[in-house]
Undergrad: 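Structure provided below as structure tokens; questions to follow.
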Protein chains: 2
Amino acid sequence: MKASGSAGNAGRIVTLRDVAKLAGVSVATASKALNGQPQVRAETRTRVLAAAEQLSFFPNALAQGLIGQRTGTVGLLTSDLEGRFSIPILMGAEDAFGSGQTSVFLCDARGDAIRERHHLRALLSRRVDGLIVVGARPDTRPSLGRDLPVPVVYAYAPSDDPADLSLVTDNVGAGRMATGHLLDCGRRRIAHITGDPAYGAAQDRAKGTLDRLAEEGLELAGGQVWFGMWSEAWGRGATRMLLRRSPDVDAIFAGSDEIARGVLDVLHQEGIDVPSQVAVMGFDNWAILAANARPPLTTIDMNLELLGRLAAQRLFAAIDGTLGSGVESIACRLVTRDSTAPVG
Amino acid sequence: MKASGSAGNAGRIVTLRDVAKLAGVSVATASKALNGQPQVRAETRTRVLAAAEQLSFFPNALAQGLIGQRTGTVGLLTSDLEGRFSIPILMGAEDAFGSGQTSVFLCDARGDAIRERHHLRALLSRRVDGLIVVGARPDTRPSLGRDLPVPVVYAYAPSDDPADLSLVTDNVGAGRMATGHLLDCGRRRIAHITGDPAYGAAQDRAKGTLDRLAEEGLELAGGQVWFGMWSEAWGRGATRMLLRRSPDVDAIFAGSDEIARGVLDVLHQEGIDVPSQVAVMGFDNWAILAANARPPLTTIDMNLELLGRLAAQRLFAAIDGTLGSGVESIACRLVTRDSTAPVG
DNA sequence: TTGTACGCGTTATCAC
DNA sequence: GTGATAACGCGTACAA
């Protein structure tokens, strides 16, 4: 590793003046030619374009942003980059913007409010056209405030201000969907093992499950929702308790794929076959866990990438002048694999 | 969800002129006062600062960037956002920059060279001060070229141009480290089940393993490195083959935590205790797999977040004038859990 | 100590 | 059809 002197500078940066000079026209004309304005002779345009090509010129976006109202940049303010839920949202948003002319500023506040203010300031000073705020968990978070100079869309974690626009997962619908699938498989003694009851998502999924069961005149196997933690170990423990209390259970809906893995583990140990004796469902469609399970897990996908894309689209619309408000729920998607099947 | 008219604009944006006017000075004086220049009377400065505070003014970074050589932005060009390896690197880099005045442009090329050029152009047009290129897999990738106006640091996947600076994982050292730990546990019949042989990382880890064994005059249990795929299923299949050929194996070093999970699964099925009979090691320290395994997996952490931070630091140094070249290897870290232990 | 004037690179508005 | 010229918001020589 040797020092290579000055930092990779390949000659001075090319500006519109250089192009104009080479083409033998004024900067104004060069600008018009490059921007496809009609009032410029064809031959002149060709000359300018050739010059630009030859010098490999591209306009300084800073200068452009300084003039117009648009900078072609948006801020993506996440609270928890390492969390697996932020990533697909971020991908969806990046994808939606990236295909256009918009670039994305990424900031991770690490769940710290101070850091969030700091990043917000930095983003505004860079004159972003809008902001997407991605929460770490699906619960209400503080609004950035109403007096921002740019539109804001909250994704995954809704803002606590109803005047803001938030896009969230439809967890109640997801609970209904999962339960409906198990019912379709002919299961009637369905249990629900899920995570931390402090999570709105856990409550909502449980509610959807209970609602759907009630429509069939059914109650939960095991007599309760098994709230606990979002971990494989809890999945194991809860399953053992459940089997003791309701040995005749014929389906288990887990609140996450992690929990479902723990459920599968104990069922294997007990010599209970999946899915013939007990059907198992996960939640999240976290490929590494769901697809590689034995048997592969039927699960619910939150369509987070879609959520990110939608957030980007809403923001685009807002930048052009119309921002909605309230909370918009995104439907989940059933992903069937081998851990569920109709009863023989 | 109702439309709220114009897009969240809270009055016109405050400029330095507004501050100067309110403070009753010229823009030049206001600028000096805010930037801590000495040639300004204390009383005047106080007045300007108060005005800026009152109007909650912050300078337009675009205008600042247009003047100086620095924009305070860097580009983070990833090839594979969804890949779990990019994320920690990205976090480390974002963290290193975020604490300073630098903001990060995130671009995901989705492994597509065309899209990469497109993003590169967009980043350069925004006058980023430098670039970090994060690869999808730990193998050589094409250089962005030597004639870029800003310094570039390659992370995880090294550039194919030795004149570039690349930061990569020391996989050979990691193989040695893992094997050394198993030897320290008193194991002598060590097997190695790993992933796709087309990955340089797989080859390097195997090499480190073989080197370390050779130093002890030992050979690999099973007589070969078991190359295959980076999947739990392969871990299961390879373990079955291994047990048939070498039933007396006393340690298995897996090339990834996924593979290690498959290994554990089969060992359980066969009634072989971990770690008393066979010690198992994973690789990646992917918490969801390693920490939740039964028993929790001893594994190797690639220190990717550190790698990201270092990439950011190297880039900073480069922006200030000195860019190195060549490939810099980052050491891995042993994470001991319960799947390895000294032989009774 | 403060203010004036210029330039950063680009686009838009006017003359020509 | 083309070219000066004035912005955009800020920093900084230079003059006062």
Side-chain angles (χ1 to χ4, degrees), chain A residues 11-49 51-52 55-73 101 121-122 124-129 149, chain B residues 11-49 51-52 55-73 101 121-122 124-129 149:
Chain A
R12 211 176 43 73
I13 280 187
V14 177
T15 82
L16 189 55
R17 275 170 70 166
D18 303 323
V19 176
K21 192 182 300 176
L22 179 58
V25 297
S26 72
V27 280
T29 307
S31 173
K32 288 169 196 157
L34 290 172
N35 291 327
Q37 301 258 21
Q39 347 89 304
V40 57
R41 192 157 39 131
E43 191 268 335
T44 310
R45 183 185 311 268
T46 322
R47 225 169 52 232
V48 172
L49 254 52
L55 299 175
S56 69
F57 162 84
F58 43 91
N60 186 330
L62 270 57
Q64 294 183 135
L66 193 54
I67 296 179
Q69 323 305 345
R70 301 266 193 290
T71 58
T73 59
Q101 312 305 327
R121 207 187 155 91
L124 293 178
S125 82
R126 302 223 140 80
R127 295 297 185 264
V128 291
D129 297 329
Chain B
R12 213 175 41 72
I13 280 187
V14 178
T15 81
L16 189 55
R17 274 169 70 163
D18 303 323
V19 176
K21 192 181 299 175
L22 179 58
V25 297
S26 72
V27 280
T29 308
S31 172
K32 289 169 196 158
L34 290 171
N35 292 325
Q37 300 261 19
Q39 348 88 302
V40 57
R41 195 161 35 137
E43 190 268 334
T44 310
R45 165 160 316 164
T46 322
R47 223 168 54 231
V48 172
L49 255 52
L55 299 174
S56 69
F57 162 84
F58 43 90
N60 185 330
L62 269 57
Q64 293 185 137
L66 195 52
I67 297 178
Q69 322 306 341
R70 301 267 194 292
T71 57
T73 59
Q101 313 304 328
R121 209 187 152 90
L124 292 179
S125 81
R126 302 224 142 77
R127 295 296 185 265
V128 292
D129 297 329

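Below, chain A is the first sequence line, B the second, and so on; all start at residue 1.
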Undergrad: When you measure from the side-chain N and O atoms of A/Arg17 to the phosphate of C/dG9, is any distance below 4.0 Å, counting only OP1 and OP2?
TA: no
Undergrad: Expressed as a whole number of angstroms, how long is the span from A/Asn35:CG to C/dT10:P?
TA: 10 Å
Undergrad: I want to verify a distance call: between C/dT1, D/dG1, D/dG9, whose nearest atom is closest to the B/Thr15 side chain?
TA: D/dG9
Undergrad: Ignoring backbone atoms, test whether A/Gln37 places a side-chain nitrogen or oxygen under 4.0 Å from the OP1 or OP2 oxygen of C/dA12.
TA: yes
Undergrad: Could you state the CZ-C1' distance from A/Arg127 to D/dG9, rounded to the nearest angstrom?
TA: 9 Å
Undergrad: For a quick check of understanding: with a heavy-atom distance under 4.0 Å over all strands, which category does B/Val27 fall into, base, sugar-phosphate or nothing?
TA: nothing
Undergrad: Can you tell me if B/Asn60 touches the phosphate of D/dC8, counting only side-chain N or O atoms and a distance under 4.0 Å to OP1 or OP2?
TA: no
Undergrad: Which pair of non-hydrogen atoms, one from B/Leu124 and one from B/Pro149, has the smallest distance, and what is that distance?
TA: CD2-CG, 4.0 Å
Undergrad: Considering residues, nucleotides and ligands other than A/Gln69, do more than 12 of their heavy atoms fall under 6.0 Å from its CD?
TA: no
Undergrad: The side chain of A/Leu66 lies closest to which of these nucleotides: D/dG1, D/dC8, C/dT2?
TA: D/dC8
Undergrad: Would you say A/Gln39 places a side-chain N or O within less than 4.0 Å of OP1 or OP2 belonging to D/dT2?
TA: no
Undergrad: Below the 4.0 Å mark, does C/dT2 have OP1 or OP2 next to a side-chain nitrogen or oxygen of B/Thr29?
TA: no
Undergrad: Expressed in angstrom and rounded to an integer, what is the separation of B/Lys32 atom NZ from C/dT2 atom P?
TA: 9 Å
Undergrad: To the nearest Å, how far apart are B/Phe58 CZ and D/dG11 C1'?
TA: 19 Å
Undergrad: Base, sugar-phosphate, or nothing: which does B/Leu16 touch, judged by heavy atoms less than 4.0 Å apart?
TA: sugar-phosphate
Undergrad: Just checking B/Gln101: does its CD atom have more than 12 heavy atoms from other residues, nucleotides or ligands closer to it than 6.0 angstrom?
TA: no
Undergrad: State, to 0.1 Å, how close A/Leu62 and B/Arg127 come at their nearest heavy-atom pair, and which atoms those are.
TA: CD1-CB, 4.3 Å
Undergrad: With a 4.0 Å limit, can you tell me whether A/Thr44 has a side-chain N or O closer than that to the phosphate oxygens OP1/OP2 of D/dG1?
TA: no
Undergrad: Are A/Gln64 and C/dT11 close enough that a side-chain N or O sits under 4.0 Å from OP1 or OP2?
TA: yes
Undergrad: I need the CD-P distance between A/Gln69 and C/dT10, as an integer number of Å.
TA: 19 Å
Undergrad: Nearest to the A/Ile67 side chain among D/dA7, D/dC10, C/dC8, which nucleotide is it?
TA: D/dA7
Undergrad: Would you say B/Ser26 reaches C/dT2's phosphate, i.e. side-chain N/O to OP1/OP2 under 4.0 Å?
TA: no
Undergrad: Where the side chain of B/Arg126 meets the backbone of A/Gly72, is there a donor-acceptor pair that is under 3.5 Å apart?
TA: yes
